[in-house]
Amino acid sequence: KERLALPQQEMPSQDPLERRCNMHEVALGYTEEQARIEAERCLQCPTAPCVAGCPVAIDIPRFIREITEGNYQKALGVIQETSLLPSICGRVCPQEVQCQAPCTVGKALKDTFASVSIGRLERFVADRAAGSSPAPQVKPETGRRVAIIGSGPASITAAADIRREGHAVTIFEAFHKPGGVLVYGIPEFRLPKRIVQDELATLEAMGVSIVPNFLVGRTRTLKQLLEEDSFDAIFIGSGAGLPKFMHIEGENLVGVFSANEFLTRSNLMKAYNRDEAATPIFEAPVVAVLGGGNVAMDAARTAVRLGAQEVHLFYRRTRAEMPARAEEVDHAEEEGVIFHFLRSPTRILGDQDDRVQAIEVLEYELGEPDESGRRRPVAVPGSEYTVPVNAVIVSIGNDSNPLLTATTPELETNRWGNIVADESGQTSMDRVFAGGDIVLGAATVILAMGQGRAAAQSINTMLCENHQT
Amino acid sequence: MHTLIKKEQLSEQVYRFELQAPLIAQGRKPGQFVLVQTDLEFGERIPLTIADANPEAGTITLIFQAVGATTQKLATLQEGQAIPAILGPLGQPSHIERVGHVVCVCGGIGAAPMYPIAQELRRLGNRLTVIVGARSAELLILEDELRALADDLLVVTDDGSAGRKALVTEPLEELCRESTPPVDQVFVIGPPIMMKFAAETTRPFAIPTVVSLNTIMVDGTGMCGGCRVTIGEETRFVCVDGPEFDGHLVDFDNMMKRLQSYKHQEANARDICRQGGTP
Ligand SMILES: Cc1cc2nc3c(=O)[nH]c(=O)nc-3n(C[C@H](O)[C@H](O)[C@H](O)COP(=O)(O)OP(=O)(O)OC[C@H]3O[C@@H](n4cnc5c(N)ncnc54)[C@H](O)[C@@H]3O)c2cc1C
Ligand SMILES: Cc1cc2nc3c(=O)[nH]c(=O)nc-3n(C[C@H](O)[C@H](O)[C@H](O)COP(=O)(O)OP(=O)(O)OC[C@H]3O[C@@H](n4cnc5c(N)ncnc54)[C@H](O)[C@@H]3O)c2cc1C
Ligand code: SF4
Ligand code: SF4
Ligand code: FES
Ligand SMILES: [Mg+2]
């Protein structure tokens, strides 16, 4: 019980006023001492409810115990039994709704946010070992060849697991830099690109070949890869990647962007580096961001860093329903993002040059609870008012990009355009597997990783069976 | 890496590059384009139409006008040097059929993207009238190449320094009005303002008019939506749904304003470029 009295360790982070003006990582990571204390807070529950909350079922109590004993390398080993990207997931997992939600400590203290900080400990372990672990062993070459489409977390994981079995792996990526959303979407201040580069360097050290500037469906079709380029199997990890718009008046005005465009310009194309980058970014003193998920927080906080004087975020429900990670919402608030809850935009107004001048929003109030027990927001008729802004960033998420499926009619998709795949990742096409956002719809890094793993296993089994016949 | 095999200067600001890009050379169709990046770390991604390709040699031809920081940087490249990133072929191929009499209207650099379309129109047995227009004689490109393909070729310049002193819309309107055989279809590629007026010219005659749009792009894969345009009542992405659209449905005014989104930053980048710094 005295463990419950131990103070939860705060994450050291950059001062909000300072970080408003730089792109460096905000959360700085635990010190060794903090990690040891935080690890002591874990009750080592025999039933380990936390494990059930982790989509890849990391043996959480066991890795935490290794921390308390100072065996950091062993702790990492435990995590790596099921997760390939701990330095990334420790940073970006929505822990409060995953592993930390069912944690006994949080339950005892009647506050999910008081749970053991599993994600922060995971990050501590991974960061400490960074660069020191050798690339995983690769079995002797089998002569089998696997093509992987896209290079996000689903693909990185699948590539590693398939390559380990000795199959040749080629990753085809549309962009000039691999990493998927981890490099073009999630900003540097939340996930330093160096970490993603390290993971990709490990893949290359294992002998995985990464081909950038290659758009499957255009540069070569999926069928050509199978039939002419003689790949034995294909894994599709092409992500969601189709920006959703609101379909309101004024959405094509100058100064209205999808979060994808705004973030890609800033992150991938480095437009935040005004002195060196050739890609321009729109300058706007007052910015409106529409949405309440991670994408919206990233867009809002990027706008702050690019020099906006005011960033207004409009969300249709209340703070409690915001799908963004709680930490990102707190950070955004500390950085001065102004939240407007129960507000939904109705149109965007422009000047004579079609430049954004204002946004009109409608007020909502909480009505009767719906089937899920949540009180549904209902519009207040006639409550529209306008807020003067110079740019609008539509950050309401992504649907599935249809480019690949449109050029591969054999691939079955559902009504949202996601590729249909079973538990093992098998699609409707022989030898073709898929996983991550292209199957799940816009989801999370850890789920994409888990699906990459499952598909890799199916591919390995298939290639091994074929080999014997 | 895409080695520059052959570099030619076609006019004061216009260059023709033949580059190594075997997969793109094999797969490309008329109307498609590539995204080019001169520097992997800090360069921007700009779209250029594939003007021609040689699948045997594994090369593609790009023709571009040095108008700003990135195209000016591209223009400094020498034979033997390489472009680090070319993505393609992108966009929908032109929808080209045998329809009868087709008029191709090219404004300035628009002759470059028109060339492969004209080639294909010809191959399918259409009667081909080509109108090439430019501000002045020095800015006319591909006149001889297009003349070799066309049944009729009309040259117009704004200042009368070559051909007829007129805008392309004048001969276009005459053709719509009185050509025998009558005009069945019109392709227009050039500056947005020219495409707009060409489409207005053919509208009263209800002649199907295809335009090739040149919006600002980032990824070229349908991921960012930056290239969106209004077509009729709908929003479409030029990089994946286009670049060709029904000219009578395009909201050119909005598109032209969107093209100005970064005017201020582009002007700065051009200045830095002129002073010899890296943009
Ligand atoms: C701004 C933003 C913030 C996010 N924040 C979080 C967070 O905090 N926590 C979290 O867990 N999740 C977050 N997510 C979601 C998470 O990033 C995704 O769920 C995850 O990246 C999906 O991984 P993936 O491997 O399926 O595909 P992606 O990461 O989307 O990668 C797909 C890759 O495939 C490439 N590609 C697509 N089509 C082709 C083709 N035809 N040929 C070749 N290459 C192709 C794309 O260019 C891309 O690089 C966020 C997403 C965004 C956009
Ligand atoms: C599908 C398509 C095909 C094209 N084909 C050709 C071609 O064959 N030959 C040719 O000379 N030009 C072509 N263009 C236009 C060419 O892309 C622009 O001239 C070029 O991007 C200008 O870049 P810059 O940095 O040199 O000039 P800047 O000074 O930066 O820009 C000049 C103008 O070009 C436009 N522009 C700027 N950045 C982009 C961008 N990333 N994408 C698109 N347009 C931009 C803007 O309207 C801008 O005002 C094409 C454009 C499109 C969309
Ligand atoms: S991978 Fe994510 S959910 Fe699983 S333990 Fe780590 S932080 Fe928690
Ligand atoms: S539920 Fe919480 S306290 Fe219990 S083992 Fe898991 S992390 Fe430790
Ligand atoms: S350029 Fe990004 S969607 Fe067309
Ligand atoms: Mg430019």
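Heavy-atom basis, side chains included; hydrogens, waters and symmetry copies ignored. Residue numbering restarts at 1 for every chain, and letters A, B, ... go by the order of the sequence lines.
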[atom1]/[X] to [atom2]/[Y] distance, rounded to the nearest 0.5 angstrom?
X	Y	atom1	atom2	value
B:C227	A:E261	SG	CD	8.5 Å
A:M269	B:Q37	CE	CD	4.5 Å
B:Y262	A:R265	OH	CZ	3.5 Å
A:R220	B:I24	CZ	CD1	12.0 Å

Under a plain distance cut-off of 3.5 Å, with no hydrogens placed, do B:D219 and A:T264 share a side-chain donor-acceptor pair? no
[X] to [Y] - nearest heavy-atom pair and separation:
X	Y	answer
B:G222	A:P243	O-CD, 3.6 Å
A:L253	B:R258	O-NH1, 3.2 Å
B:T70	A:A278	OG1-CB, 4.5 Å
B:T221	A:L403	O-CD1, 4.0 Å
A:D353	B:K257	O-CD, 3.5 Å
B:L40	A:K177	O-CE, 4.0 Å

Under a 4.5 Å cut-off applied to non-hydrogen side-chain atoms, are [X] and [Y] in contact?
X	Y	result
A:R274	B:Q265	no
B:M223	A:L242	no
B:F42	A:D275	no

If you check every heavy atom in residues 211-219 of chain A against those of chain B, which residues fall under 4.5 Å? A:N213, A:F214, A:L215, A:R218, A:T219
Which residues from residues 389-402 of chain A are near chain B, with near meaning under 4.5 Å between non-hydrogen atoms? A:N401
Part of [X] lying under 4.5 Å from any heavy atom of chain B:
X	result
A:I281	backbone
A:Q352	backbone
A:E251	backbone

With distance as the sole test, does B:N254 use its side chain to make a donor-acceptor pair with the main-chain N or O of A:N252 at under 3.5 Å? yes
Backbone N or O of A:V254 within a donor-acceptor pair of the B:S261 side chain at under 3.5 Å? no
Please indicate whether [X] has more than 12 foreign heavy atoms, meaning atoms of other residues, nucleotides or ligands, lying under 6.0 Å from its [atom1].
X	atom1	result
A:K223	NZ	no
B:K29	NZ	no
A:E228	CD	yes

Pairs satisfying ring pair (Phe, Tyr, Trp, His ring centres under 6.0 Å), at least one member in residues 16-39 of chain B, at least two apart: B:F17-B:F64
Below 4.0 angstrom, N of the basic side chain to O of the carboxylate: do B:E44 and A:K270 qualify? no
Pick from [options]: which one has the most heavy-atom pairs with chain B under 4.5 Å?
options	value
A:F175, A:F257, A:F262	A:F175
A:G241, A:G239, A:A240	A:G241
A:D354, A:N273, A:N260	A:D354
A:T221, A:V256, A:L268	A:V256

Please verify the inter-ring angle class for B:F237 with A:F245; under 30° counts as parallel, over 60° as perpendicular, anything in between as tilted. perpendicular
Please flag which part of [X] lies under 4.5 Å from any non-hydrogen atom of chain A: side chain, backbone, both or neither.
X	answer
B:L35	neither
B:R45	both
B:Q32	side chain

Which residues pass the salt bridge (charged side-chain N to carboxylate O under 4.0 Å, His left out) test with A:R355, sequence neighbours left out? none
